[in-house]
Amino acid sequence: MREIILLNQNWQFTGRDGETVPCSIPHTWNAVDGQDGGDDYYRGECLYTKEFKKPDFNSEAQCVYLEFHGVNASAKVELNGKHVMTHDGGYSTFRADITAVLEDENTLKVWVDNGVNDRVYPQKADFTFYGGIYRDVDLLIVNRNHFDLDYFGGPGIQITAKPVEGYRKGEVVVKTFTNCEEAVTVSVLDASGKEVCRGAGKDVHLTIDNVRLWNGLEDPYLYTAVAKLESGDEISARFGVRDFHYHAKTGFYLNGKSYPLRGVSRHQDRKGLGNAISKKEHLEDMDLITELGANTIRLAHYQHDQYFYDLCDERGMVVWAEIPYISEHMPNGRENTVSQMKELIVQNYNHASIVCWGVSNEITISTKDKADMLDNHRMLNDLCHKMDPGRFTTLACYAMCGPFNPVAHITDTVSWNLYLGWYVPGLFLNDLWMDFFHKAYPDRCLGYSEYGCEGMPNLHSSHPRRGDHTEEYQAIYHEYMLKCFERHPWMWATHVWNMFDFAADARDQGGEPGMNHKGLITFDRKTKKDSFYLYKAYWSKEPFIHICSKRFEDRTENEITVKVYTNQNEVTLFVNGDKLETKYGEHIFEFNVPMGAEVRVTAASGNLHDDAVFRKVSSPNSAYVLKDGGDKGANWTNKE
């Protein structure tokens with residue numbers, strides 16, 4: 001049996017000032033300066049040091065691997081004064097056999113560098129590149145003969161499963177990779193642990209009778225494949241049996257049925273923590289996305305933690321996974337795009353939730369060598385298809401990348417990052433853009449990989465407008481977009497930018513520098529903006545009712561509009577305990593309410609209710625108005 005020993009405690013960190021302080025893993029040195037604005041967070045090299053005793057193992061029969069699950073962005077690893085490994089790429093697992101250099105007392109040194117260079121992605125983007133060892137570090141003790149641990153951080157097992165015979169059976173191919181010639185046995189277990197089929201060999205073809213499909217949110221059923229070597233090494237991986245396809249005129253299909261993908265994008269960082277987060281934070285994020293009712297997540301703009309992909313499998317989320325090939329093509333970075341894509345695919349191949357590989361994001365923003373960029377995209381697209389013929393490729397185009405740009409026609413599908421109605425006036429332009437693309441390319445699948453609007457829960461207006469950063473304008477923006485997507489049901493996927501506010505140290509917007517406030521929930525996950533409840537009204541089956549603008553308490557008008565979001569079809573509004581009106585409809589309900597000195601409002605539907613209090617004031621509350629425009633809501637690319 002394998003043994004895992006966590007090495008997360010009792011590290012020493014030496015920062016740019018040369019001072020050495022104790023720390024634990026996960027850790028980043030940019031948890032503060034990467035979130036406070038000014039575009040001046042430290043990007044450079046720091047040192048992590050740890051002393052540990054030699055683990056108890058049989059050196060004749062076993063070996064020891066040192067494993068890192070995420071170090072941003074480049075790492076040089078030394079053990080007892082001897083070089084062990086280097087790694088470029090801040091979001092994936094990497095490991096090395098350290099058996100030969102272990103001593104009774106060991107000194108581990110890791111130099112971590114998130115500095116500026118022209119070869120490791122990302123280098124230019126609208127988010128903070130936190131430096132540090134921000135995911136687990138462990139020792140892995142395995143038999144000398146074992147399933148492979150040396151190929152791009154992979155698990156040594158690759159499972160391809162699909163339904164056959166009218167979705168009655170599951171065809172499962174299990175490939176295993178070893179460092180020896182021992183015989184391999186493979187068992188497939190159902191969710192209760194009962195064996196449903198078995199076989200022998202390194203390339204096993206199996207059949208599951210009466211298969212239970214991985215069926216998205218409705219039933220994300222998972223099987224487990226267990227592989228064993230004669231000498232004892234054993235590995236396992238969960239998988240789902242499903243198929244999917246897309247059609248330019250009718251959208252996405254899961255298991256032969258139309259399954260419109262409507263969801264969110266997610267960055268992994270947190271207020272005060274940066275990217276150094278634990279399973280607790282990952283689980284909280286997934287619970288919130290599940291509450292929203294989304295059925296797809298774009299995990300931007302890099303490989304996320306394995307635990308979060310596991311959660312996606314368990315919750316039935318359809319996932320877009322991608323590498324941080326972003327904003328600017330670097331001719332010297334070609335090798336890094338290849339290694340990060342290989343790691344992404346090898347380490348995540350078995351996840352039922354993942355349906356596509358994202359090749360790049362907004363790569364035309366500041367690319368100078370267009371020919372080399374296009375060639376790199378074609379190479380990556382071919383690489384994805386070679387490594388994983390069962391999934392499709394996609395990419396996210398920059399707003400200023402026109403529909404005729406050749407980069408938009410390399411991958412199997414394409415999506416655009418468009419903020420029409422936010423960075424430029426005119427929400428109606430979204431309809432025009434979709435219609436034009438669909439007419440020009442009727443056989444090309446189109447999606448929206450990013451769309452959104454800044455919204456501050458402390459800023460409010462009775463007459464919201466583009467650029468005011470109010471919670472009300474953000475809600476109006478998303479109301480339009482949801483109806484727009486209903487008018488264009490053939491979109492293969494739409495992803496809100498973003499589920500959560502996140503750090504972008506170069507930004508200065510909304511009165512809070514260093515942040516992108518397009519999230520449906522605040523950076524600390526404590527405040528759900530009204531737009532969150534709008535999407536919940538459209539997507540969630542969990543009954544609820546929500547009064548909008550509850551934080552907009554002080555009003556100057558003699559009559560106000562009270563807006564209610566709900567997934568119920570009937571809402572009654574009570575004002576100061578008296579019934580005002582009952583309305584019927586869906587998603588969005590509006591009521592005109594006369595103002596008094598203090599108005600207590602209750603929205604009710606069946607056993608559901610929500611309450612709000614509004615006060616009549618003589619002059620507008622200045623706290624509701626953005627005082628310092630900062631960069632006035634401009635797109636970060638305008639600074640280029």
Side-chain angles (χ1 to χ4, degrees), residues 1-2 63 65 93 95 140 142-215 219-244 255 306 309-310 312-314 321 342-355 357 383-392:
M1 294 293 292
R2 297 184 172 193
C63 57
Y65 276 78
T93 294
R95 59 176 82 96
L140 177 59
V142 297
N143 291 344
R144 289 281 180 177
N145 289 351
H146 57 260
F147 291 98
D148 184 76
L149 290 165
D150 300 306
Y151 187 70
F152 292 100
I157 184 170
Q158 177 181 294
I159 307 162
T160 305
K162 64 180 181 180
V164 295
E165 296 187 21
Y167 296 95
R168 294 188 301 272
K169 295 183 178 181
E171 180 182 274
V172 183
V173 179
V174 181
K175 293 184 178 180
T176 52
F177 309 90
T178 70
N179 69 343
C180 60
E181 297 303 318
E182 284 188 26
V184 178
T185 59
V186 175
S187 299
V188 173
L189 313 178
D190 66 15
S192 70
K194 178 183 176 182
E195 183 177 278
V196 294
C197 55
R198 66 184 293 115
K202 293 184 178 181
D203 189 350
V204 181
H205 292 245
L206 303 170
T207 299
I208 302 174
D209 294 323
N210 301 313
V211 70
R212 185 167 169 181
L213 302 177
W214 187 90
N215 206 25
D219 186 16
Y221 193 82
L222 295 169
Y223 292 90
T224 300
V226 180
K228 297 180 182 179
L229 287 174
E230 286 180 313
S231 58
D233 192 32
E234 177 180 317
I235 56 175
S236 64
R238 296 186 305 177
F239 68 94
V241 180
R242 82 283 187 265
D243 66 13
F244 51 84
N255 297 325
Q306 280 298 310
Y309 291 111
D310 289 340
C312 291
D313 293 342
E314 294 168 8
K342 286 183 176 179
E343 288 174 332
L344 179 71
I345 294 175
V346 170
Q347 293 175 25
N348 295 285
Y349 186 95
N350 299 325
H351 288 291
S353 55
I354 298 175
V355 300
W357 305 116
L383 175 67
C384 292
H385 288 143
K386 181 179 180 180
M387 294 184 68
D388 186 2
R391 291 183 173 97
F392 60 94

Quick one: do R2 and L140 satisfy side-chain contact (heavy atoms from CB on, under 4.5 Å)? Show the steps, please. CA-CA 7 Å; R2 297 184 172 193; L140 177 59; 4.2 Å; yes

State the [atom1]-[atom2] distance between [X] and [Y], to the nearest 0.5 angstrom.
X: T176; Y: K228; atom1: OG1; atom2: NZ; value: 14.0 Å
X: C312; Y: N348; atom1: SG; atom2: CG; value: 10.5 Å
X: K194; Y: L189; atom1: NZ; atom2: CG; value: 11.5 Å
X: D388; Y: I345; atom1: CG; atom2: CD1; value: 6.0 Å
X: H351; Y: I159; atom1: NE2; atom2: CD1; value: 10.5 Å

Counterpart residues, side-chain hydrogen bond (donor to acceptor under 3.5 Å, both in side chains), relative to Y167 (two or more places apart):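 In terms of side-chain hydrogen bond (donor to acceptor under 3.5 Å, both in side chains), with neighbours along the sequence ignored, Y167 is linked to D243.
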
For N143, which residues count as a side-chain hydrogen bond (donor to acceptor under 3.5 Å, both in side chains) partner, sequence neighbours excluded?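 side-chain hydrogen bond (donor to acceptor under 3.5 Å, both in side chains) list for N143, sorted by chain: empty.
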
Going by side-chain contact (heavy atoms from CB on, under 4.5 Å), name the residues that satisfy it together with [X], two or more places apart in sequence or in a different chain.
X: K386; answer: none
X: K342; answer: F152, V338, L383, M387
X: D209; answer: K169, T207

Any residue meeting salt bridge (charged side-chain N to carboxylate O under 4.0 Å, His left out) with [X], in chain and number order, not counting sequence neighbours:
X: R144; answer: none
X: D313; answer: none
X: R168; answer: none
X: D219; answer: R212

Any side-chain heavy atom of [X] sitting closer than 4.5 Å to one from [Y]?
X: R95; Y: D150; result: no
X: R238; Y: D310; result: yes
X: D148; Y: N179; result: no
X: E343; Y: T93; result: no
X: V172; Y: C197; result: no
X: T178; Y: N145; result: no

Set of residues satisfying ring pair (Phe, Tyr, Trp, His ring centres under 6.0 Å) with respect to Y65, sequence neighbours excluded: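 Expected list: H146.
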
Minimum heavy-atom separation for [X] to [Y], with atom names?
X: Y349; Y: R391; result: O-NH2, 2.9 Å
X: A161; Y: G240; result: CB-O, 3.8 Å
X: V186; Y: G201; result: CG2-O, 4.3 Å
X: I354; Y: R242; result: O-NH2, 3.1 Å
X: F147; Y: G156; result: CD2-O, 4.3 Å
X: C180; Y: K202; result: O-NZ, 2.9 Å

Quick one: ring pair (Phe, Tyr, Trp, His ring centres under 6.0 Å) pairs with a partner in residues 222-243, sequence neighbours left out?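 Listed by first then second residue: Y221-Y223, Y223-F239.
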
Once salt bridge (charged side-chain N to carboxylate O under 4.0 Å, His left out) is applied, what residue pairs with a partner in residues 179-189 remain, sequence neighbours excluded?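 Those involving residues 179-189 do not exist here.
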
